[in-house]
Engineer: 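Shown below is the structure under consideration.
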Amino acid sequence: MPATREVPRFDPVRIRGGHRSGRLVRHRRRAVAVGLAVTATALVAAGPRYSDGARGHPRARPPAHTASLSGEQSPYPRRAAGSLTAPVRISDADTVRLLRPGDRVDVIAAEGTVPGGDARVVARGARVTKVPEPLEGAGDSGALVVLSVPRATAARLAGASATGRLAVTLW
């Protein structure tokens, strides 16, 4: 049998800083504040984006993207945020009959009445929101179409329709 040996003396092992969960408990106020800040940021980022009116105030009409309980579409025309609806008279009524709500069109203004005159694109990618029925006895005055465009484009459309004839090209 081997001889017994004495165990050498050593200092006790001390763990510094404790466990991570202990730190979290000690700093719980800070952890709660960080958690609330992250939650608030997520709620703001995922919240509704209405360009009409301030948040928390009632709207004059429901948002265009909502449907009624029976599943019918809203009677209000759809439009992108920051855009408005602009009625435009297109000189060729037959072309307007080809359009449907939701179509994208370019609006072209032809200056003057001379064939082969200057033409310029006034609106690119305008969304058709409504194609009203033509009036009886309107003659050769063209046809009306309602487009959803940004405010600056609506001003250009109004100016172009006052000085020339408008046409559309379907995307």
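No experiment lies behind these values; they were computed from the predicted model shown. Start at 1 with the first residue, then count along the sequence.
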Engineer: Check V107, V122, V149 against R156 for a side-chain contact (heavy atoms from CB on, under 4.5 Å) and give me the one that passes.
Structural biologist: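 Among V107, V122, V149, the one meeting side-chain contact (heavy atoms from CB on, under 4.5 Å) with R156 is V122.
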Engineer: Please report the interatomic distance OG1(T41) to CG(L36), rounded to the nearest 0.5 Å.
Structural biologist: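 Here the rounded value is 10.5 Å.
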Engineer: Which residues pass the salt bridge (charged side-chain N to carboxylate O under 4.0 Å, His left out) test with D94, not counting sequence neighbours?
Structural biologist: R97
Engineer: When hydrophobic residues are tied together by side-chain contacts of less than 4.5 Å, even through go-betweens, does V88 share a cluster with V121?
Structural biologist: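 No, V88 and V121 fall in different hydrophobic clusters.
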Engineer: Which residues pass the salt bridge (charged side-chain N to carboxylate O under 4.0 Å, His left out) test with R124, not counting sequence neighbours?
Structural biologist: none
Engineer: Checking side-chain polar atoms at under 3.5 Å, does S83 have a donor or acceptor matched by the opposite partner on S148?
Structural biologist: yes
Engineer: Looking at every non-hydrogen atom in both residues, tell me the closest pair between P101 and K130 and how far apart they are.
Structural biologist: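 What the structure gives for the nearest pair is CG-CA, 4.4 Å.
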Engineer: Is there a side-chain contact (heavy atoms from CB on, under 4.5 Å) between R89 and L166 once you walk through the steps?
Structural biologist: CA-CA 7 Å; R89 183 156 303 275; L166 299 179; over 6 Å; no
Engineer: Any donor-acceptor pair under 3.5 Å linking the side-chain atoms of D106 with those of W171?
Structural biologist: yes
Engineer: So how far is it from I90 CD1 to L99 CG, rounded to the nearest 0.5 Å?
Structural biologist: 8.0 Å
Engineer: Under the 3.5 angstrom rule, does the side chain of R104 hit a backbone N or O of G125 as a donor-acceptor pair?
Structural biologist: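 The answer is yes, because a donor-acceptor pair under 3.5 Å joins these two groups.
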Engineer: What closest approach, in Å, do P87 and T85 show between heavy atoms, and which atom pair accounts for it?
Structural biologist: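 Nearest heavy atoms, P87 then T85: CD-O, 4.1 Å.
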Engineer: Can you see which heavy atom on I108 is nearest to which on A119, and at what distance?
Structural biologist: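 Result for this residue pair: CG2-CB, 4.0 Å.
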Engineer: When clusters are formed by joining ILVMFWY residues with side-chain heavy atoms under 4.5 Å apart, either directly or through shared neighbours, do V146 and L98 land in the same one?
Structural biologist: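 V146 does not cluster with L98.
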Engineer: Of all the heavy-atom pairs spanning A123 and A126, show the shortest one and how long it is.
Structural biologist: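 Smallest interatomic distance, heavy atoms only, reads CB-CB, 4.5 Å.
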Engineer: Just how far is it from atom CG of L147 to atom OG1 of T129, taken to the nearest 0.5 Å?
Structural biologist: 6.5 Å
Engineer: What pair of heavy atoms forms the shortest contact from R127 to G102, and how long is it?
Structural biologist: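 Looking at all heavy atoms of both residues, the shortest contact is NH1-O, 3.0 Å.
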Engineer: Any idea which heavy atoms bring P132 and V145 closest together, and the distance?
Structural biologist: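 That would be CD-CA, 4.2 Å.
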